[in-house]
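Whatever order the structure lists them in is the order used to number ligands and atoms, beginning at 1.
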Amino acid sequence: MTVTRFAPSPTGRLHVGNLRPALLNWLYSRAQGGQFILRIDDTDAERSKEEHVDAIKRDLDWLGLGWDRFERQSARLDRYDSAADDLRAQGRLYPAYETATELDLRRKYQRQAGRPPVYDRAALKLTDEDRSRLEAEGRRPHWRFRLDQERVTWTDGIRGETNVDCASVSDPVLIREDGGYLYTLCSVCDDIDFGVTDVIRGEDHVTNTATQIQIFDALGGKPTGFAHHSLLVDADGAGLSKRLGSLTLESIRDSGVEPLALLSYMARLGSSDPVEPRASHEELIAGFDLSRFGRAPARFSTDDLNSMNLKALHGKPYADVADRLRGAGVPEDIAEPFWLLIRENIDGLEDIPDWVAVLTGDCEPAIDAEDAEYVTMALAELEKSKPWTGETWRAVTGTLKEETGRKGKALFMPLRKALTGRSNGPDMAALLPLLRR
Ligand code: GLU
């Protein structure tokens with residue numbers, strides 16, 4: 001069975017950049033009838049916050065991206081202890097004592113000498129005496145995974161044949177000086193234990209993947225499948241990282257974007273399939289194909305998202321808004337035709353009350369002075385024609401045309417403005433029978 005996971009670190013709110021792996025993993029598992037795990041990568045105790053965990057769940061709930069299993073790394077430290085022991089026993093995990101400043105300086109020299117800034121494994125040459133001396137000085141070790149310096153190859157679900165030469169990669173730190181575990185190790189343990197079959201994540205993880213494949217092998221696990229999606233850029237091609245703080249899912253929700261509009265947009269961004277509004281999660285799943293995604297950066301535009309939102313709103317089925325209409329005081333018997341009539345005339349669900357005011361007559365009529373007499377006469381004519389039906393508008397405007405000689409816009413517009421308070425809106429012939437005044 002296909003098992004995927006979304007593994008955010010709860011160090012901040014989710015933003016559109018995080019939504020990409022969340023959605024792709026969700027769609028991939030749902031499309032295969034598989035399982036989707038929400039895993040909280042919270043081994044960084046200082047930066048991880050419970051309020052962010054709650055917000056992550058709230059965001060996924062809002063989007064309807066349900067999970068079948070919930071896990072958190074902070075609850076699995078025993079497992080990581082035993083994995084670390086296993087790696088130590090194999091000579092794959094070694095203590096290193098350099099400080100961050102020392103490492104920085106060393107990288108600077110390497111760059112100046114035209115060499116890649118790869119960790120030189122000086123710690124591997126330390127003798128037992130060296131280590132005792134360093135520890136007596138009060139230094140605590142961090143622990144690095146000794147990479148096999150060979151090329152690691154995999155068939156990436158998006159990038160195709162991919163390889164990384166681990167000879168040019170620094171041995172990754174798996175345990176910090178304070179004993180805290182880094183995600184690189186924990187994630188492999190979790191993926192093995194939870195039976196994860198496929199990992200879809202950003203291309204900033206490509207090098208991690210090579211090192212993690214070696215960790216899978218060292219721990220006797222079968223590496224998952226990997227697919228690395230491109231990262232989001234803005235319309236000018238610049239990275240989004242600086243703007244991401246303002247593109248949180250919370251702020252997008254608060255700006256009135258509908259979940260399915262956001263999902264429809266994000267599900268196709270960076271793929272060769274057209275961006276189209278989808279009316280349900282089932283439709284999204286049916287239209288999903290990972291092989292359509294490519295390596296080119298995905299251009300995220302708030303304008304495109306907003307226009308998707310409008311499209312989704314203008315095609316929104318009645319059932320989705322029935323409760324909202326009831327709450328806004330729309331009589332049950334006309335709620336559906338009312339919605340189908342106004343949905344293309346609104347910019348957001350928050351506009352509904354304005355149209356309810358048109359129904360009940362609580363809107364301010366707009367009457368130009370030069371039309372006042374005509375409008376008075378027209379309204380009297382309408383009053384006589386009650387009850388209003390689908391034919392009334394034609395009949396009344398026909399009579400008015402004959403009596404006043406007005407035609408076209410001069411005939412219709414003053415009446416529209418008097419009845420709705422605005423100069424554009426839905427078909428008056430269809431609106432008239434719904435008015436309750
Ligand atoms: N916590 C990691 C991140 O947010 C997860 C990466 C992964 O999917 O393996 O980058």
Side-chain angles (χ1 to χ4, degrees), residues 2-29 34-50 52-53 55-57 59-60 65 67 69-77 79-80 83 145 152 154 156-159 162 164 172-174 176 180-216 219 221-232 239-241 244-245 247-249 266 290 293:
T2 297
V3 181
T4 64
R5 82 309 192 269
F6 172 49
S9 307
T11 54
R13 294 299 202 251
L14 294 183
H15 49 63
V16 285
N18 308 124
L19 177 53
R20 228 158 122 70
L23 178 58
L24 297 186
N25 281 295
W26 186 86
L27 285 170
Y28 192 80
S29 68
Q35 218 192 31
F36 176 68
I37 302 174
L38 172 59
R39 185 186 85 201
I40 302 295
D41 287 359
D42 57 352
T43 52
D44 186 340
E46 218 160 277
R47 293 176 58 224
S48 298
K49 298 252 160 10
E50 209 48 35
H52 296 313
V53 177
I56 288 167
K57 290 179 173 173
D59 287 340
L60 295 179
L65 304 182
W67 54 92
R69 179 169 177 178
F70 177 81
E71 295 287 346
R72 55 195 312 159
Q73 293 189 327
S74 57
R76 291 176 38 82
L77 300 179
R79 166 64 169 120
Y80 310 141
F145 178 69
V152 173
W154 71 93
D156 193 284
I158 292 175
R159 301 162 67 89
T162 305
V164 171
V173 176
L174 299 189
R176 280 189 308 253
Y181 285 104
L182 279 134
Y183 134 88
T184 316
L185 172 65
C186 308
S187 181
V188 173
C189 296
D190 298 346
D191 289 341
I192 293 173
D193 295 356
F194 305 157
V196 171
T197 56
D198 296 271
V199 170
I200 306 173
R201 57 187 180 184
E203 65 184 14
D204 48 337
H205 282 292
V206 166
T207 307
N208 277 342
T209 293
T211 64
Q212 288 182 320
I213 286 176
Q214 289 204 10
I215 299 175
F216 270 105
L219 293 177
K222 181 173 176 290
T224 61
F226 286 98
H228 295 85
H229 59 75
S230 60
L231 300 182
L232 298 182
L240 268 191
S241 54
L244 285 174
L247 291 173
T248 62
L249 302 188
M266 295 300 292
L290 190 66
F293 285 77

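Nearest protein heavy-atom contact of atom 10 (O) of ligand 1 is H205 NE2, 3.0 Å. Among protein heavy atoms, atom 8 (O) of ligand 1 sits closest to R5 NH1, 2.7 Å.
Residue contacts with ligand 1: A7 is placed with a nitrogen or oxygen under 3.5 Å of a nitrogen or oxygen of the ligand (distance criterion only).
Between the side chain of H52 and the backbone N or O of A55, no donor-acceptor pair lies under 3.5 Å. Using modelled atom types, no side-chain atom of D191 and backbone atom of T197 make a donor-acceptor pair closer than 3.5 Å. Judged by distance alone, the side chain of Q212 and the main-chain N or O of T184 form a donor-acceptor pair under 3.5 Å.
Atoms of ligand 1 lying under 4.0 Å from any heavy atom of R201, numbered from 1 in the order shown and given with element: 7 (C), 8 (O), 9 (O). Under a 4.0 Å criterion applied to the non-hydrogen atoms of D41, ligand 1 contributes the atoms 1 (N), 2 (C), 5 (C).
With a heavy-atom cut-off of 4.0 Å, Y183 touches ligand 1 through its side chain alone.
Separation of atoms CZ (R39) and CZ (F194) is listed at 7.5 Å; rounding is to 0.5 Å.
Under a 4.0 angstrom heavy-atom cut-off, Q212 registers as lying outside contact with ligand 1.
The one candidate from L174, L185, L182, V173 that meets the side chain to side chain contact (heavy atoms under 4.5 Å, CB included) condition with F145 is L174.
Taking 4.0 Å as the cut-off between side-chain N and carboxylate O, E203 and R159 count as a salt-bridged pair.
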